[in-house]
Amino acid sequence: MTDVVAIFAQVEAAVSAALAQVLPAELAGTDPVVRRSDRADFQANGALAVAKKAGVPAHAVATDVAQELWSSGFKTLCSGPGFLNITVPDGVVWSAVAARLTDARLGVAARRAGERVVIDYSAPNVAKEMHVGHLRSSVIGDALVRVLSHLGADVVRQNHIGDWGTQFGMLIQYLDEHPDASWKGQGAETMSALDVLYKAARVEFEANPAFADRSRSRVVALQSGDEATVAVWRDLVAESERAFEAIYARLGILLDDGDFDGESRYNDALPGIVEELVAKGVATESDGAVVTFTEGVLNPDGDPVPLIVRKKDGGFGYGATDLATIRLRVEEYKADRILYVVDARQALHFKMVFDTARQAGWLPESVHAQHVPFGTVLGKDGRPFKTRSGKTVRLADLLDDAENAVRAVLEAREHDFTPDELSVVVHVAGTAAIKYADLSNTRTKDYVFDVDQMVATTGNTGVYLQYAHARVASILRKAGDAVGHLDATLPAHAAEKDLALTLDAFDATLRDVAETLEPHRLCGYLYDVATAFTRFYEACPVLKADSPAERANRLALCDLTRRTLATGLDLLGIAAPERL
RNA sequence: GCGCCCGUAGCUCAGUGGAUAGAGCGUCUGCCUCCGGAGCAGAAGGUCGUAGGUUCGAAUCCUAUCGGGCGCACCA
């Protein structure tokens, strides 16, 4: 646990205390409404908000609060109708820097300790290559895993891969009839080979009724545990998982073989799910299918929209599987919070799944289940991102594109990297470009995939932040001093103070991200840190400071900046190299 | 028809009910004997889709409306 009290929290506490002094007891808990300000270090607007309730002019409340704040050491001026402009003494700023400097957690409290969060994300399909549609779930889900874990939550990752269903009957039958078709053991190409075979099987399935019949029989064989069929299925799953793990490793996604939670795992539970829903009167039969309804959800004809748990043919809908995941996650994993990082277009589905689970009593009020929706990745034409020929874009190709673009940028500049170093940098910056571009947009909005913009070295990009980090690291390397001793009696330059106050907000930012599940807030914060640092860097020489004490204070700011950027980027799943 | 998401600078986007709405790109003007110029300082550029309402105060909350995207029975 951190012992650092943020300057912001100190100011907030002081204003609260002052308000309590000035206001009648029943208004003691009023929000002090403290914000950063361009007119002072902070502004507090709490007086304005409560003046009416207190029956006193806002200006009078503000004046009295200002008086109190002076006595607790904050230079405070009233302005306008009752704004308080608060200036923090330089000594307080330096003391906070000193405290944070010795804290491995940089002032971030483990405020989510004791909370168990299950996060369902990524979810690729067996026998298919990962494509652009898996990018956002994987990247956003992973960032949320990292942030929540860092705040002390007990996070359980779940990768709900599509490893079951009628399509495997088709594929296995096709493989059986084409023993010459090779796909195994081709390394990175295994999945493309499988993908091709899968498509060929589908064509055959649609064109050849006899093959379709044999495929259906093969589904039955798979479901009833026929040894030869199951063996092929296991091969398909194992090879696919290896391929997924390779992509995760390349992208820097935490998911690994312990996180697979495929649909097949729930297969045995599905009949029970349906029976119980029917027995509890939650589900009813409709058109031969077993379905549930959610109040107020209607189709264009004005009829209720069903959630199909069992299809007319006896197969299970994915509603059934999703219900099964909830039950397991509540009962076995003891989740306090269950997150589904899934495309926004699934919103209605999840609304109905959660509603059904509540009706069935599988999702108690104490457990918070939440769909974490995200927008679509678009091409430059504003339509969902496809290749020129209209096919889905492979994730591996996206990464190649980004790395090639980074390589082009680097080669256009002077650098002294060896070829090996260069390929490392290209990889690190290329993945940063893609991930940061995805994370820095408001989660729920669509965004346009634009490689050139992503690898831009200016503006709010991953590469720019990595550069900012490398530059601070360079200063610290050159200094060689042990960072640690601060002189809190030195005056703080405006740029030093601004940087310190920006660094001060790290804890609040992460808390905000954990509450809203919006990683773009962390991106915006890190960009603020980087720009505050460059202003400081322009205005305040570090290695050539006027005195050893000034140099030490500035090195401390550099050290905190570097660690805050590195930690923040890491929480986004992005590497922070020492050189770039 | 109902529901969800989105309309903010020429473009791409930030913006927890607070004062004069901010960045980046692009355009224009300055700044390199100086720690990494992938930078900094400044200028220009806005009916925050529109109209009402709540509020001391609205880009932000509420209602209506216009525009765009998406979803709504057996694919997952």
Side-chain angles (χ1 to χ4, degrees), chain A residues 33 35 37-39 43-45 48-49 51-52 57-58 79-83 85 123 125 160 162 164-167 263 286-291 296-313 315-319 321-322 342-349 351-352 373-376 378 382-384 409-410 413 440-442 444-448 450 452-453 456-461 463-464 466-468 470-479 508 512 515-516 520-521 523-524 527-528 531 534-535 537-545 551 554 558 579-580:
Chain A
V33 196
R35 307 278 186 269
S37 167
D38 12 291
R39 300 164 186 248
Q43 61 175 295
N45 311 325
L48 279 154
K52 195 157 202 182
S79 158
F83 295 106
N85 292 323
N125 294 309
H160 194 67
W164 198 251
T166 50
Q167 72 272 23
E263 291 171 345
S286 169
D287 264 349
V290 178
V291 304
V297 180
L298 305 175
N299 71 13
D301 297 330
D303 301 323
V305 175
L307 175 73
I308 294 171
V309 288
R310 197 177 69 198
K311 299 185 283 186
K312 190 154 46 178
D313 66 4
F316 297 98
Y318 77 132
T321 324
D322 282 337
V342 178
D343 191 297
R345 287 171 290 198
Q346 302 287 328
L348 182 62
H349 169 73
K351 179 186 165 96
M352 297 182 69
F374 53 82
T376 307
L378 305 176
R383 304 298 308 161
V409 168
L410 279 171
R413 295 174 192 279
S440 59
N441 283 287
T442 301
T444 51
K445 289 173 78 164
D446 298 347
Y447 76 91
V448 175
D450 179 347
D452 295 328
Q453 197 280 326
T457 56
T458 56
N460 189 10
T461 68
V463 182
Y464 172 78
Q466 287 180 321
Y467 173 75
R471 194 156 61 151
V472 195
S474 165
I475 294 172
L476 289 164
R477 259 199 317 275
K478 281 203 175 111
D512 195 27
E515 278 168 13
T516 60
H520 81 275
R521 294 169 187 266
C523 297
Y527 186 64
D528 283 347
T531 53
T534 52
R535 279 193 297 272
Y537 175 86
E538 290 289 325
C540 306
V542 178
L543 301 181
K544 293 168 188 169
R551 174 183 164 110
R554 289 178 179 174
C558 288
R579 292 178 62 223
L580 193 64

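Chain letters run A, B, ... following the sequence lines, proteins first, then strands; residues in each count from 1.
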Just to confirm, is there a sub-4.0 Å distance from OP1 or OP2 of C70(B) to any side-chain nitrogen or oxygen of R383(A)?
yes
Does OP1 or OP2 of C72(B) have a side-chain N or O of R345(A) closer than 4.0 Å?
no
Considering every strand and a 4.0 Å limit on heavy-atom distances, what is the contact class for L298(A): base, sugar-phosphate, or nothing?
base
Any base atoms under 4.0 Å from Q43(A), or only sugar-phosphate, or nothing? Heavy atoms, all strands.
base
Closest nucleotide among A76(B), C74(B), G36(B) to the K312(A) side chain:
C74(B)
Paired with G7(B): which nucleotide, if any, by Watson-Crick or G-U wobble criteria at under 3.5 Å for both distances?
C66(B)
At under 4.0 Å between heavy atoms, what does T534(A) touch on the DNA or RNA strands: base, sugar-phosphate, or nothing?
sugar-phosphate
Side chains of L298(A) and D303(A) in contact at under 4.5 Å (non-hydrogen atoms)
no
At less than 3.5 Å, do the side-chain atoms of S286(A) and the base atoms of A73(B) form a donor-acceptor pair?
yes
Can you check C32(B) for me, syn or anti if syn means within 90° of 0?
syn
With sugar-phosphate meaning primed atoms plus P, OP1 and OP2, does P81(A) contact a base, only sugar-phosphate, or nothing at under 4.0 Å between heavy atoms?
nothing
Say you pick atom C1' in A21(B) and the same atom in G37(B); how far apart are they, in whole Å?
30 Å
Among C75(B), G36(B), G69(B), the nucleotide that comes nearest once only the side chain of K311(A) is considered
C75(B)
Between G24(B) and G42(B), how far apart are the P atoms? Round to whole Å, please.
11 Å
Counting the atoms with a prime plus P, OP1 and OP2 as sugar-phosphate, which does I308(A) contact under 4.0 Å by heavy atoms, base, sugar-phosphate, or nothing?
base
Checking all strands, does A58(A) fall into the base, sugar-phosphate, or nothing category for heavy-atom contacts under 4.0 angstrom?
nothing
Side-chain heavy atoms of L378(A) within contact of Y447(A), under 4.5 Å:
no
With side chains defined as the heavy atoms from C-beta onward, is the minimum distance between H349(A) and V342(A) less than 4.5 Å?
no
Determine: side-chain N/O of K445(A) to OP1/OP2 of U12(B), distance under 4.0 Å, yes or no.
no
Using a distance-only criterion (donor-acceptor N/O pair, under 3.5 Å, no hydrogens), is the base of A76(B) paired with the side chain of Q167(A)?
no
With rounding to whole Å, what would you report as the distance between A58(B) and G18(B) at their P atoms?
11 Å
Send over the distance from L543(A) CG to G36(B) C1', rounded to a whole Å.
12 Å
Using whole Å, what does the distance between atom P of nucleotide G18(B) and atom CZ of R35(A) come to?
6 Å
Give one of base, sugar-phosphate or nothing for C523(A), where a contact means two heavy atoms less than 4.0 Å apart.
nothing
Atom-pair distance (OH on Y527(A); P on A38(B)), nearest Å
15 Å
How many Å lie between CD1 on I475(A) and P on A38(B), as a whole number?
14 Å
Pair of N/O donor and acceptor under 3.5 Å linking A14(B) base with T442(A) side chain:
no
Report which part of the nucleic acid V305(A) touches: base, sugar-phosphate, or nothing (heavy-atom distance under 4.0 Å, all strands).
sugar-phosphate
Base, sugar-phosphate, or nothing: which does H520(A) touch, judged by heavy atoms less than 4.0 Å apart?
sugar-phosphate
Evaluate T457(A) against V409(A) for side-chain contact (heavy atoms from CB on, under 4.5 Å), listing each step before the verdict.
CA-CA 9 Å; T457(A) 56; V409(A) 168; 3.9 Å; yes
Distance check needed: C4(B) C1' versus N299(A) CG, whole Å only.
17 Å
State, yes or no, whether a side-chain contact exists between S79(A) and Q43(A) at a heavy-atom distance under 4.5 Å.
no
With the side chain counted from C-beta on, respond yes when F374(A) and D446(A) share a heavy-atom pair under 4.5 Å apart, and no when they do not.
no
In whole angstroms, the gap separating P of C31(B) from OH of Y537(A) amounts to 19 Å
Expressed as a whole number of angstroms, how long is the span from Y467(A):OH to A38(B):P?
5 Å
Determine the contact category for N441(A): base if any of its heavy atoms lies under 4.0 Å from a base atom, sugar-phosphate if only primed atoms, P, OP1 or OP2 are that close, otherwise nothing.
sugar-phosphate
Looking across every strand, which nucleic acid part, if any, lies under 4.0 Å from A344(A) by heavy atom: base, sugar-phosphate, or nothing?
nothing
Nucleotide forming a Watson-Crick or wobble pair with U29(B), both distances under 3.5 Å
A41(B)
Is there ring stacking between F83(A) and A19(B), where the centres must be under 5.5 angstrom apart and the planes under 30 degrees?
yes
What is the distance, to the nearest angstrom, from the CE atom on M352(A) to the P atom on C2(B)?
18 Å
Only pairs with both distances under 3.5 Å count, Watson-Crick or wobble alike; so what is the partner of A58(B) in this structure?
none
Just checking A456(A): base, sugar-phosphate only, or nothing, at a heavy-atom cut-off of under 4.0 Å?
nothing
Nearest to the side chain of L348(A), heavy atoms from C-beta on, is which of C35(B), C72(B), C5(B)?
C72(B)
Is there a side-chain contact between R39(A) and the phosphate of A19(B), meaning an N or O under 4.0 Å from OP1 or OP2?
no
Base-pairing mate for C2(B) - Watson-Crick or G-U, with both contacts under 3.5 Å
G71(B)
Answer with base, sugar-phosphate or nothing: what part of the nucleic acid does L580(A) contact at a heavy-atom distance below 4.0 Å?
base
Taking the nucleotide of RNA chain B with the nearest heavy atom to each, does G80(A) or E538(A) sit closer to the 5' end?
G80(A)
Under a 3.5 Å cut-off for both distances, is C13(B) Watson-Crick or wobble paired, and to whom?
G22(B)
Of the options G39(B), A41(B), C34(B), whose atoms approach the side-chain atoms of K544(A) most closely?
C34(B)
Is the base of A76(B) touched by the side chain of D322(A) through a donor-acceptor pair closer than 3.5 angstrom?
no
V448(A) or A539(A): which one's nearest nucleotide on RNA chain B is closer to the 5' end?
V448(A)
Just call it for T376(A): base, sugar-phosphate, or nothing, with non-hydrogen atoms closer than 4.0 Å on any strand.
nothing
Minimum side-chain heavy-atom gap R477(A)-R579(A) below 4.5 Å:
yes
Step-by-step side-chain contact (heavy atoms from CB on, under 4.5 Å) determination, T321(A) to H160(A):
CA-CA 10 Å; T321(A) 324; H160(A) 194 67; 3.7 Å; yes
Of all the nucleotides listed (G39(B), G36(B), G69(B)), which has the minimum atom distance to the side chain of T458(A)?
G39(B)
Would you say T534(A) and R471(A) make side-chain contact, with heavy atoms under 4.5 Å?
yes
